Amino acid sequence: MNLKKKNIDEKPMTILITGANGMLGEECTKLLSDTYTVVASDIHASSLMPDSIIYKQLDITNESHVHEIINRFHPEVVVNCAAYTDVDGAEQDKESAWAVNVGGVQNIVEALKKTGGAIIHISTDYVFDGTAGPYGEDVKPNPVNYYGKTKLESEKVLLDSQIPWTIIRTNILFGNTSHQQASFVRWVVEKLSRFENISIVNDQFGNPTWSYGLAMAIYKIIESGKHGLYHYAGKDYINRFEFGLKIAGIYGLDPTLIRKTTTRALNQPANRPFKSGLTCERIEYELAVTIYSVNEALTAMRGNT
Ligand SMILES: NC(=O)c1ccc[n+]([C@@H]2O[C@H](COP(=O)([O-])OP(=O)(O)OC[C@H]3O[C@@H](n4cnc5c(N)ncnc54)[C@H](OP(=O)(O)O)[C@@H]3O)[C@@H](O)[C@H]2O)c1
């Protein structure tokens with residue numbers, strides 16, 4: 001089934017965005033509302049959305065409420081940006097991580113079976129073990145932590161769903177966001193602006209991804225009506241320490257305040273994939289999306305703050 005409406009003269013599609021207060025959800029809400037009727041939703045009662053956006057509180061683990069909202073608005077597409085994203089927290093509270101990342105997706109799928117809509121779901125490079133990245137879509141997943149397991153399971157829910165689905169895996173998202181805890185860039189900028197030293201690991205590799213670029217890729221998927229599994233990530237394959245140095249460089253801050261550390265020294269509850277990240281030839285070839293370098297993205301972000 002094609003995600004795109006057959007008759008472009010019909011009223012614009014309605015897109016339900018879950019997790020709309022989060023980093024990607026906020027970016028998708030801003031971008032997609034230029035073209036579509038967007039219903040933004042998140043677990044929280046309040047939101048920083050402009051009044052022009054329809055905002056509904058929606059906990060995706062609440063089955064009956066998910067059905068009610070999807071029945072009421074009949075979205076042609078649900079963009080599922082809601083997730084339990086605390087990688088270490090997931091190790092300690094497995095039940096909550098599973099309920100959101102797997103149960104929540106099941107609830108959306110079951111509701112969409114009744115209304116006939118499609119889902120675009122966001123997954124992660126953490127479905128891989130990080131021994132041989134960057135990874136293409138055809139590599140067999142093998143998660144090393146519970147968060148990665150729940151995200152892989154969420155993908156399986158869609159594979160078995162018999163509704164039109166698109167999965168986009170991404171990694172190390174960054175962007176201008178109102179979501180305080182979510183921003184690595186803001187953390188680095190704030191610390192270095194106060195001349196504080198920070199330590200960043202130099203043994204976790206990936207390709208940092210501008211949330212605006214991913215939101216544009218999601219827009220292109222909706223417009224094209226494509227579905228299936230895609231990877232979308234940034235141009236630079238670097239470690240987190242190098243990412244920190246790029247942030248210091250673009251924001252004119254002192255890079256010598258950044259010290260190298262190792263994942264082992266942090267002693268976090270969840271294992272991390274080390275050589276992770278994603279290759280994006282499929283989505284570049286099929287949808288002509290733009291893949292941004294970290295410096296391109298940071299330069300644009302700096303101009304917008
Ligand atoms: N950030 C990354 O580096 C990264 C990398 C790879 C893949 N991804 C994936 O990309 C997607 C978006 O990530 P993000 O960074 O934008 O995440 P985020 O900033 O943590 O946003 C997720 C949003 O979902 C909300 N939420 C949590 N539980 C919910 C529930 N039960 N019902 C409805 N909303 C709920 C969160 O609220 P709370 O903040 O209160 O929990 C938050 O507002 C996720 O699927 C994530 O797995 C992210």
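Computed from a predicted model, the values in this text were never measured in an experiment.
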Count I, L, V, M, F, W, Y as connected when their side-chain heavy atoms are under 4.5 Å apart, and connections chain through other members. Are [X] and [Y] then in the same cluster?
X: L287; Y: Y285; answer: no
X: Y219; Y: Y232; answer: yes
X: Y146; Y: Y126; answer: no
X: L214; Y: V38; answer: yes
X: I167; Y: V109; answer: yes

Heavy-atom donor-acceptor pair, [X] side chain to [Y] backbone, under 3.5 Å:
X: N101; Y: Y84; answer: yes
X: W165; Y: I119; answer: no
X: Q57; Y: I43; answer: yes
X: D236; Y: I238; answer: no
X: K275; Y: G133; answer: yes

So [Y] and [X], do their side chains get closer than 4.5 Å, heavy atoms only?
X: D254; Y: L257; value: yes
X: Y55; Y: V39; value: no
X: T115; Y: N71; value: yes
X: N80; Y: I108; value: yes
X: V189; Y: I247; value: yes
X: T18; Y: V79; value: no
X: N207; Y: I172; value: no
X: P143; Y: F128; value: no

Tell me, please, which residues at least two apart from [X] pass salt bridge (charged side-chain N to carboxylate O under 4.0 Å, His left out).
X: K191; value: E196
X: R272; value: D88
X: E91; value: none
X: E286; value: K226

If you take all heavy atoms of [X] and [Y], which pair is closest and at what distance?
X: I70; Y: A111; result: CD1-CB, 3.7 Å
X: V294; Y: P208; result: CG2-CB, 3.9 Å
X: G234; Y: I291; result: C-CG2, 3.6 Å
X: C81; Y: C28; result: SG-SG, 4.3 Å
X: S211; Y: G175; result: OG-CA, 3.5 Å
X: K220; Y: A288; result: NZ-O, 2.8 Å

Residue pairs, two or more places apart or on separate chains, that pass salt bridge (Lys or Arg N to Asp or Glu O under 4.0 Å) and touch [range]:
range: residues 152-177; result: E153-K156, E155-R169
range: residues 105-122; result: E110-K113
range: residues 39-56; result: none
range: residues 131-143; result: D138-R282

Determine, stepwise, if the pair M49 / T29 fulfils side chain to side chain contact (heavy atoms under 4.5 Å, CB included).
CA-CA 9 Å; M49 302 282 154; T29 302; 3.5 Å; yes

Output, in order, the C-alpha distance, side-chain angles, deciding distance and verdict of side chain to side chain contact (heavy atoms under 4.5 Å, CB included) for I221 and I283.
CA-CA 9 Å; I221 281 172; I283 199 164; 4.2 Å; yes

Could you work out, with side-chain hydrogen bond (donor to acceptor under 3.5 Å, both in side chains) as the rule, every residue matching D129, not counting sequence neighbours?
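In terms of side-chain hydrogen bond (donor to acceptor under 3.5 Å, both in side chains), with neighbours along the sequence ignored, D129 is linked to T131, Y135, N142.
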
Taking atom [atom1] of [X] and atom [atom2] of [Y], what is their separation to the nearest 0.5 Å?
X: T263; Y: R240; atom1: OG1; atom2: CZ; result: 8.5 Å
X: L58; Y: I60; atom1: CG; atom2: CD1; result: 7.5 Å
X: I17; Y: I120; atom1: CD1; atom2: CD1; result: 9.5 Å
X: I218; Y: I15; atom1: CD1; atom2: CD1; result: 10.5 Å
X: I200; Y: K260; atom1: CD1; atom2: NZ; result: 12.0 Å
X: N239; Y: S276; atom1: CG; atom2: OG; result: 13.0 Å

My understanding is that a hydrophobic cluster links ILVMFWY residues whose side chain heavy atoms are under 4.5 Å apart, including indirect links. Using that, what else belongs to the cluster containing F205?
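Besides F205, the cluster holds Y237.
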
With a cut-off of 6.0 Å (strictly less than), are more than 12 heavy atoms of other residues, nucleotides or ligands near CZ of R194?
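Yes, because the 6.0 Å sphere around CZ of R194 holds more than 12 heavy atoms from other groups.
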
Under the side chain to side chain donor-acceptor pair (under 3.5 Å) criterion, do E284 and Y230 qualify, and how do the steps go?
CA-CA 10 Å; E284 270 189 284; Y230 294 97; over 6 Å; no

Hey, mind stepping through N197 and S199 against side chain to side chain donor-acceptor pair (under 3.5 Å) and telling me if it holds?
CA-CA 7 Å; N197 285 110; S199 296; over 6 Å; no

Test of understanding: with ring pair (Phe, Tyr, Trp, His ring centres under 6.0 Å), list the residues that count as partners of Y212, not counting sequence neighbours.
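Here the qualifying residues are W210.
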
The criterion is ring pair (Phe, Tyr, Trp, His ring centres under 6.0 Å); which residues satisfy it with F243, sequence neighbours excluded?
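Per chain and number, F243 pairs via ring pair (Phe, Tyr, Trp, His ring centres under 6.0 Å) with F174, F184.
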
Please assess E68 against H65 for the test side chain to side chain contact (heavy atoms under 4.5 Å, CB included), listing each intermediate value before the final yes or no.
CA-CA 5 Å; E68 186 194 319; H65 201 202; 3.7 Å; yes

Passes side chain to side chain contact (heavy atoms under 4.5 Å, CB included), Y251 versus V185? Steps please.
CA-CA 10 Å; Y251 283 80; V185 174; 4.0 Å; yes

Steps toward side chain to side chain donor-acceptor pair (under 3.5 Å) verdict (T166, H121)
CA-CA 6 Å; T166 307; H121 174 62; over 6 Å; no

